[in-house]
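Chain letters run A, B, ... following the sequence lines, proteins first and then strands; every chain starts at 1.
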Amino acid sequence: MAKLQSVRGTHDLIGDDARAHLAIVGAARDVAERYGFSPMDTPIFEFTEVFKRTLGVTSDIVTKEMYTFDDKGGDSLTLRPEGTAGIARAFISGGLQNELPLKCFYHGPMFRHERPQKGRQRQFHQFGVELIGVSEPSADVEVIAMAADILDALGILSETKLELNTLGDAQSKEQYRAALVDYFSAVSDQLSEESKDRLVRNPLRILDSKDAGDRALVADAPIFADYMTDDAAAFFAAVQDGLDTVGVAYTRNPHIVRGLDYYSHTAFEFTTEALGAQGTVLAGGRYDGLIETMGGPRTPGVGWGAGIERLAMMTKAPSAPARAITLVGLGDAGEREALRLSRELRHAGLTIELIYKGGIKRGLKRADRINAAAAVLIGDDELAKGAVTVRNLDSGEQADVAISDLKDHLSAYS
RNA sequence: GUGGCUGUAGCUCAGUUGGUUAGAGCGCCUGGUUGUGGUCUAGGAGGUCGCGGGUUCGAGACCCGUCAGCCACCCCA
């Protein structure tokens with residue numbers, strides 16, 4: 001590191017970029033609260049075991065993408081790569097089992113050691129929701145409908161497509177997996193190198209391969225529907241019926257495979273063509289086995305996570321903040337009065353920008369640059385009369401205003 | 001982890017087959033205007049040419065390495 005620079009794949013959020021993130025979180029939160037979800041904030045690092053156990057030891061995230069380190073006490077800790085595991089851990093260790101259903105939302109930074117590209121950073125931000133303790137398909141429907149409402153609130157729902165799939169229950173999943181291994185093993189010499197690897201680690205992934213040769217093989221592969229239990233099929237039918245009922249459009253995509261091992265039944269992604277290769281903007285599913293896997297009581301759950309950076313790339317520029325009024329103090333007495341007035345006027349609800357140094361010219365120039373609505377000139381001439389000069393920066397008109405009337409006069413600008 | 005493209009001023013970029021003191025626009029600062037912004041105008045500041053090594057009489061340019069950015073693969077939000 002020859003030069004002071006940010007760590008690869010990390011990014012500073014400045015001004016409008018930071019504003020865009022806040023706007024997305026704010027909009028998502030408003031919708032989530034209307035659905036009866038409450039905020040929840042868990043630590044950004046956990047014992048490594050929390051993620052190893054839940055995400056599946058074969059997943060790429062665990063095997064090569066986690067920021068793991070030993071702390072001074074010798075414990076292995078990991079910066080969270082996603083949000084659900086921490087929530088599940090808090091659910092178990094925090095005694096929340098008696099408050100079912102638990103409906104919560106969260107947002108914050110996540111960390112994954114991947115090669116950066118468009119829509120992908122090593123530190124990125126997610127907004128997510130979890131609904132824990134409800135095994136009915138209406139929970140899946142509600143959580144998906146909320147996602148659609150949030151995208152709509154952000155004005156980008158029409159640019160996305162909801163893709164829906166089911167992974168079935170544990171039994172369906174296991175039988176199908178075995179069938180796939182049988183099928184692909186017989187033709188493994190025709191598979192791409194990557195898919196040969198997938199065959200061992202995660203055969204479902206082969207279904208999602210972009211390799212042309214793989215795709216030809218996938219076309220004749222066993223289909224999941226033939227291996228689904230009646231219960232799993234009924235559940236999926238109920239979810240689809242529910243989405244139809246609430247009016248959320250979707251397309252079936254049998255090749256959607258969630259990357260994290262804890263998913264079962266419903267899996268879904270909101271995708272877009274607008275962001276290049278990383279088109280998934282919000283994704284989630286049902287994870288009925290997760291909490292039990294972690295050592296808690298058997299408790300169902302469903303939720304999703306959304307990439308705030310990806311959403312930000314799709315939303316328009318955030319609405320500009322309120323136009324300010326600048327206070328330009330001239331001379332010692334004027335500067336002191338400007339300082340005093342700045343606080344008084346802010347208390348009155350006005351957006352005040354104080355000019356810290358320089359004369360009137362510099363003050364007005366700065367006022368212009370920040371797109372202020374008006375400038376208040378406070379100098380010896382004015383103070384002698386107990387007044388100030390208010391200049392409308394759009395029209396150029398000026399008015400003498402008594403200091404006692406200033407608050408009322410300026411309120412016309414906001 | 002693999003591959004392709006790219007690193008020159010605060011920003012966007014130009015820089016000829018390697019040649020003397022590295023440029024432009026925007027932005028910034030100062031003056032024209034001793035208390036009046038935007039427009040105009042005159043001037044000014046600002047550069048380890050990402051970093052390290054090599055080739056050469058001579059490197060911003062060519063070669064190697066490295067770091068970073070972008071894009072794609074992988075994977076994922």
Could you tell me whether A:Glu114 and A:Arg122 have a side-chain N and a carboxylate O separated by less than 4.0 Å? no
Side chain of A:Leu364 only, please: which of B:G37, B:G35, B:C71 is the nearest? B:G37
Across the strands shown, which category fits A:Glu194 at heavy-atom distances under 4.0 angstrom: base, sugar-phosphate, nothing? sugar-phosphate
From the candidates B:C74, B:A77, B:U30, the one with an atom nearest any side-chain atom of A:Arg362 is B:U30
Rounded to whole angstrom, note down the P distance from B:U16 over to B:A68. 29 Å
What nucleotide among B:C75, B:G38, B:C73 has an atom nearest to a side-chain atom of A:Ala277? B:C73
Say whether A:Thr78 and A:Thr68, considering side chains only, have a donor N or O and an acceptor N or O under 3.5 Å apart. yes
Considering heavy-atom distances to RNA chain B, does A:Lys365 or A:Gln126 have its closest nucleotide positioned more toward the 5' end? A:Lys365
With the side chain of A:Glu114 defined as its heavy atoms from C-beta on, choose the nearest nucleotide among B:C75, B:C73, B:G35. B:C75
What is the distance from NZ of A:Lys210 to P of B:C75, rounded to the nearest Å? 9 Å
Select from A:Gly279 and A:Val7 the residue whose nearest nucleotide in RNA chain B is closer to the 5' end of that strand. A:Val7
Only one of A:Ile132, A:Ile87, A:Thr42 passes side-chain contact (heavy atoms from CB on, under 4.5 Å) with A:Cys104; say which it is. A:Ile87
Could you tell me how far apart A:Arg8 (CZ) and B:G7 (C1') are, to the nearest whole angstrom? 14 Å
Taking the side chain of A:Pro116 as heavy atoms from C-beta outward, which of B:G69, B:G37, B:G35 is closest to it? B:G69
RNA chain B stem ranges, 3 or more consecutive Watson-Crick or G-U pairs under 3.5 angstrom: B:1-7 with B:67-73, B:10-13 with B:23-26, B:28-32 with B:40-44, B:50-54 with B:62-66
Given A:Thr266 and A:Gln240, is the side chain to side chain contact (heavy atoms under 4.5 Å, CB included) satisfied, shown in steps? CA-CA 10 Å; A:Thr266 313; A:Gln240 293 174 81; over 6 Å; no
Output the rounded distance in Å from CD (A:Gln278) to P (B:C71). 9 Å
Rounded distance (Å) that lies between atom P of B:C75 and atom CD of A:Gln117: 12 Å
Within this structure, what is the CZ-to-P distance between A:Phe105 and B:A77, rounded to whole angstrom? 21 Å
Taking the C1' atom in each of B:A14 and B:G47, what is the distance between them to the nearest angstrom? 15 Å
Quick one: A:Asp197 CG to B:C74 P, roughly how many Å, whole number? 13 Å
Which nucleotide in the list B:C75, B:A72, B:G35 gets nearest to the side chain of A:Ile360? B:G35
Rounded to whole Å, please give me the gap between CZ in A:Arg120 and C1' in B:G69. 15 Å
Ion pair check, A:Asp381 and A:Lys385, cut-off under 4.0 Å: no
Atom CG of A:Asp12 and atom P of B:A68: how far apart are they, to the nearest Å? 15 Å
